[in-house]
Amino acid sequence: MKPKLRTDDWIEKIYALVRQIPRGKVCTYGILAEHAGTRLTARMVGWAMNAAHHIQPPIPAHRVVNRNGLLTGKHHFGSPTLMQELLEAEGFIIKDDQILDFKKYVWQP
DNA sequence: TCACTGACCGTGG
DNA sequence: ACCACGGCCAGTG
């Protein structure tokens, strides 16, 4: 009997991982997806983040960026600059919606 | 009910 | 080095 391999299962992993991201670090959709089970579901990670907006506790989705270090989801934060503001508040340097030296701040579980 | 899209990533030509 | 395509899951029209 396989456990219910459903959304709730891996989606919680995603949330847990994102909440484990220390301040001053960032993570990518690919890494989260990979640690959540499948690395090919990076797209769903974004969907999970979207759902994370109305759940508790709040998810620091601003620390989750794409492989390019680009703030792809900034437009989904309610304010197009909210994500950048949050990241800058943590010491990141954002240029053209992109984190400078992003590779140096990548956090891996 | 069927089909398409989505805060992506990796590989191929 | 650049462009194009496929793949995964779930939600919505």
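Just so it is clear: chains get the letters A, B, ... in the order the sequence lines come, proteins before strands, and each one is counted from 1.
- Residue contacts for Asn50(A): at a heavy-atom cut-off of 4.0 Å it reaches a base atom on one of the strands shown.
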Which protein N or O atoms sit under 3.5 Å from an N or O of nucleotides 4-6 of chain C?
none

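- Rounded to the nearest Å, the gap between the P atom of dA7(B) and that of dC3(C) is 22 Å.
- Contacts between residues 16-31 of chain A and DNA chain B, counted as heavy-atom distances below 4.0 Å, involve Tyr29(A), Gly30(A).
- A donor-acceptor pair under 3.5 Å is formed between the side chain of Asn66(A) and the backbone N or O of Asn68(A).
- Across all strands shown, His53(A) has heavy atoms under 4.0 Å from base atoms, whether or not it also approaches the sugar-phosphate.
- Between Ile99(A) and Leu87(A), some side-chain heavy-atom pair lies under the 4.5 Å cut-off.
- The CG-P distance, from Asn68(A) to dC2(C), rounds to 12 Å in whole Å.
- Other residues, nucleotides and ligands contribute only 12 or fewer heavy atoms inside 6.0 Å of the NE2 atom of His75(A).
- Here chain A contacts DNA chain B (any atom closer than 4.0 Å to a heavy atom, that is under 4.0 Å), and the contacts span dG6(B) to dG10(B) from 5' to 3'.
- Among the atoms of the strands shown, only primed sugar atoms or phosphate atoms (P, OP1, OP2) are found under 4.0 Å from some heavy atom of Arg67(A).
- Computed from coordinates, the Ile14(A) CD1 to dA10(C) C1' distance equals 13 Å when rounded to whole Å.
- Ionic pairing of Lys25(A) and Glu90(A) is not present here: no N-O contact between side-chain nitrogen and carboxylate oxygen is shorter than 4.0 angstrom.
- Side-chain atoms of Thr72(A) and Asp97(A), non-hydrogen and from C-beta on, never get closer than 4.5 Å to each other.
- Across dC4(B) and dG6(C), the matching P atoms stand 13 Å from one another, rounded to whole Å.
- Tested against Cys27(A) for a side-chain contact (heavy atoms from CB on, under 4.5 Å), the candidates Val106(A), Val18(A), Leu32(A) yield a single pass: Leu32(A).
- At the heavy-atom level, Ala61(A) lies under 4.0 Å from base atoms of the strands shown.
- The cluster map of Ile, Leu, Val, Met, Phe, Trp and Tyr, joined by side-chain heavy atoms under 4.5 Å apart, puts Val26(A) and Phe77(A) in the same cluster.
- The environment of CD1 in Ile93(A) is sparse: at most 12 heavy-atom neighbours from other residues, nucleotides or ligands sit within 6.0 Å.
- dT12(C) atom P lies 12 Å from atom CE of Met44(A), rounded to whole Å.
- Contact of the Ile55(A) side chain with the Tyr15(A) side chain is registered, since non-hydrogen atoms from C-beta on lie closer than 4.5 Å.
- Taking the side chain as every heavy atom from C-beta outward, Leu70(A) and Phe102(A) never approach each other to under 4.5 Å.
- No option in Gln84(A), Lys74(A), Glu85(A) other than Gln84(A) meets the side-chain contact (heavy atoms from CB on, under 4.5 Å) test with Ile94(A).
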